[in-house]
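What follows is a single structure, written as structure tokens, with notes after it.
Basis for what follows: all heavy atoms, side chains included, without hydrogens, waters or symmetry-related copies.
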Amino acid sequence: MTGHPQRPAVLIVGGGVAALEALMALRATAGEQPHITVLAPDAEFVLRAGAVLEPFARGHARRIPLREIVESQSAQLLADALDQVEPERSVVRTRGGDELAYDVLLIALGARGEAAFPGAVTFGGPQDSAAVTTVLDEAERGAITRIAFVVPPGATWPLPLYELALLTRGHLRDRGVTAVDIAVVTPEERPLALFGEAAADDVESRLASEDIELHTLSRVRAHADGILTLQGGSRVRADRAVALPRLVGPSIAGLPHDDLGFIPTDDHARVRGFAHVYAAGDCTAFPLKQGGIAAQQADAAAQAIAEAIGAPITAAPFTPVLRGLLLTGSTPSYFRAYPGAEREATSVAIETPRGGRRASAPADVAGHKPLWWPPAKVAGPYLGAWLARPHEPGGEALQLRDRQVTPVTDEQAAAEERAAALDLALAMADAEARYGDWKEALRALDAAEALAAPLPVEYAQKRDLWEAELAGGSTARFRGS
């Protein structure tokens with residue numbers, strides 16, 4: 001990281017949501033002033049939020065070359081892993097034996113998942129899809145008749161567990177399997193109560209309509225011989241127990257951390273005790289481990305770093321907004337909450353993939369209509385928008401915008417829903433085309449055309465180009481999206 005004496009050297013450690021959101025946010029707020037290096041051992045960025053669909057053959061975790069993302073932000077990628085930090089010298093050591101100097105350091109390493117309890121089938125991402133598929137196969141064959149989905153206590157993000165339970169019920173029903181009992185076991189007082197009463201009502205209603213048992217205020221200790229043993233001695237029958245992982249932090253040598261390895265930070269993402277070291281995402285001691293929260297922490301860190309290196313900006317503190325998209329196999333649910341703050345609902349304008357603006361759709365803190373745009377799993381102002389609508393270097397990114405509550409007629413609501421669905425289909429088509437998946441891009445255009453025929457002129461032209469690429473068997477990236 002030498003050779004740039006006139007530019008502050010910023011080192012970002014990690015290749016996940018927090019690291020890439022911070023990279024994009026820092027470039028957007030500080031421009032070309034900092035020389036940014038990303039240190040990460042992986043060749044790909046894996047959008048883990050889509051992994052919950054993999055066992056059901058409904059989707060996949062998107063994989064994007066990490067170098068492509070990093071270089072799109074005029075940054076340098078080093079393929080290595082962090083070994084330790086020496087903040088008194090402003091250097092880090094890598095596992096490959098290199099020593100890297102920095103002016104500012106941002107740690108965004110994420111958390112490590114472990115089995116939540118003995119006997120659990122753990123689902124923590126794409127690497128665990130096959131294990132859940134095995135459970136589904138056993139249920140289809142009649143080898144098992146009771147499945148429990150378990151939220152572990154401690155630092156976690158419970159929403160994917162409810163998705164797994166609801167998607168499993170729909171998957172088995174579609175295959176004519178009706179003799180399997182499904183239960184959800186959670187330490188929460190109510191399901192997804194962190195989003196408020198409306199969200200809890202929504203999830204409880206969905207579980208009840210699907211005949212899924214709900215056990216709240218329950219902490220599982222172990223699973224063996226068809227029995228879940230709960231803290232306090234209660235028991236729940238289950239042939240298989242599918243659980244989210246117990247998360248632990250990276251325990252980085254040279255930096256403070258709690259007994260689980262998570263890094264303490266202040267409200268500007270600074271690591272406590274160090275002026276030029278920051279941390280964001282699941283590696284921090286903030287208890288909610290979710291992509292949207294990680295992105296917000298990264299944005300706070302990026303602003304603080306930009307201000308510290310002289311950019312004309314006043315850094316805003318990390319103020320979490322919880323946004324959750326619950327995939328159910330049918331109509332999804334959108335949840336939003338502002339912990340510790342009262343927000344007055346207002347109407348806002350929303351940019352769309354086709355350009356232009358329109359009024360916001362009706363929404364609430366819990367509902368079946370998108371509460372933000374782009375309505376993606378990763379609700380990050382920079383990375384989420386980049387994933388939903390890839391843009392040319394130097395172009396304008398589609399910024400994350402919340403949709404607020406506003407009263408409308410049924411006719412207006414129907415028109416807004418149709419417009420939102422069209423916008424999403426076009427955004428998905430652009431995203432698939434950027435990575436050379438012409439077949440999926442064309443499929444998304446077909447869905448868009450079913451909503452609004454004819455297609456906008458620019459998308460009719462793109463269809464011709466994509467069909468030609470598919471017919472020619474090309475895997476080149478289409479840069480005209």
Side-chain angles (χ1 to χ4, degrees), residues 16 46 48-49 51-52 54-55 61 109-136 138-139 144 146-168 181-194 203 207 212-251 257-262 281-291 293-294 324 326:
V46 181
R48 302 166 65 86
V52 72
E54 288 188 350
L109 279 175
R112 177 169 52 87
E114 299 178 342
F117 51 86
V121 175
T122 301
F123 182 81
Q127 72 279 4
D128 300 318
S129 295
V132 177
T133 299
T134 297
V135 174
L136 297 175
E138 290 178 315
I144 60 174
R146 291 185 64 86
I147 307 172
F149 292 90
V150 182
V151 177
T156 188
W157 179 245
L159 188 145
L161 192 283
Y162 295 97
E163 294 180 315
L164 286 174
L166 291 164
L167 290 166
T168 294
D181 294 328
I182 299 176
V184 168
V185 184
T186 177
E188 302 163 283
E189 184 174 359
R190 297 188 67 195
L192 297 187
L194 69 164
V203 179
L207 296 177
I212 296 174
E213 297 176 17
L214 177 61
H215 300 267
T216 58
L217 297 174
S218 300
R219 294 171 175 249
V220 175
R221 298 179 59 185
H223 177 255
D225 301 323
I227 297 294
L228 277 174
T229 303
L230 309 183
Q231 185 175 319
S234 298
R235 308 169 88 190
V236 175
R237 288 183 53 232
D239 299 318
R240 296 288 181 270
V242 179
L244 299 178
R246 173 181 177 269
L247 297 179
V248 295
S251 298
H257 55 78
D258 62 20
D259 58 349
L260 289 177
F262 295 113
D282 290 358
C283 66
T284 71
F286 192 74
L288 288 178
K289 310 299 183 183
Q290 184 240 15
I293 292 294
L326 181 74

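Considering only heavy atoms from C-beta on, L161 stays 4.5 Å or farther from T186 through its side chain. The closest side-chain heavy-atom distance from P126 to V46 is below 4.5 Å. Side-chain atoms of Y162 and L207, non-hydrogen and from C-beta on, do get closer than 4.5 Å to each other. Looking only at side-chain heavy atoms (C-beta outward), L228 and H223 come within less than 4.5 Å of each other. For the pair F123/S129, a side-chain contact is recorded, criterion being any heavy-atom separation below 4.5 Å from C-beta on. Looking at P191 and V184, their side chains never come closer than 4.5 Å, going by heavy atoms from C-beta outward. Residues I212 and F149 fail the side-chain proximity criterion, which asks for heavy atoms closer than 4.5 Å.
Counting all heavy atoms, side chain and backbone alike, T156 lies closest to L247 at CA-CD1, 4.2 Å. Between R190 and T216 the shortest heavy-atom distance is CA-CG2, 4.4 Å. Between P152 and P187 the shortest heavy-atom distance is O-CG, 4.0 Å. Here the shortest heavy-atom pairing between D282 and A111 reads CB-N, 3.6 Å. Minimum interatomic distance between I144 and V135 (heavy atoms only, all atoms of both residues): CD1-O, 3.7 Å. For the residue pair I182 and T168, the shortest heavy atom distance occurs at CD1-CG2, 3.8 Å.
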Given side chain to side chain contact (heavy atoms under 4.5 Å, CB included), test L326 with L166 step by step and report yes or no.
-> CA-CA 10 Å; L326 181 74; L166 291 164; 4.1 Å; yes
Check step by step if side chain to side chain contact (heavy atoms under 4.5 Å, CB included) holds for E188 and L214.
-> CA-CA 11 Å; E188 302 163 283; L214 177 61; over 6 Å; no
Could you check V185 against L230 for side chain to side chain contact (heavy atoms under 4.5 Å, CB included), going step by step and ending with a plain yes or no?
-> CA-CA 10 Å; V185 184; L230 309 183; 4.2 Å; yes
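A distance of 12.0 Å separates CG in L136 from CZ in R240, rounded to the nearest 0.5 Å. Distance check, rounded to the nearest 0.5 Å: OG1 of T284 to CG of D258 gives 9.5 Å. Atoms CG and CD, on L167 and E54 in that order, are 12.5 Å from each other to the nearest 0.5 Å. Annotation: the span from R219 atom CZ to R221 atom CZ amounts to 12.0 Å, rounded to 0.5 Å. Note that the OG atom of S251 and the CG atom of D259 stand 9.5 Å from one another [nearest 0.5 Å].
H215 contributes no side-chain N or O that, together with a main-chain N or O of V236, makes up a donor-acceptor pair within less than 3.5 Å. Between the side chain of Q290 and the main chain of I293, a donor-acceptor pair closer than 3.5 Å is present. The closest donor-acceptor contact from the side chain of K289 to the backbone of A294 lies at 3.5 Å or more, if one exists at all.
The pair E213-R146 counts as a salt bridge, with a side-chain nitrogen and a carboxylate oxygen less than 4.0 angstrom apart.
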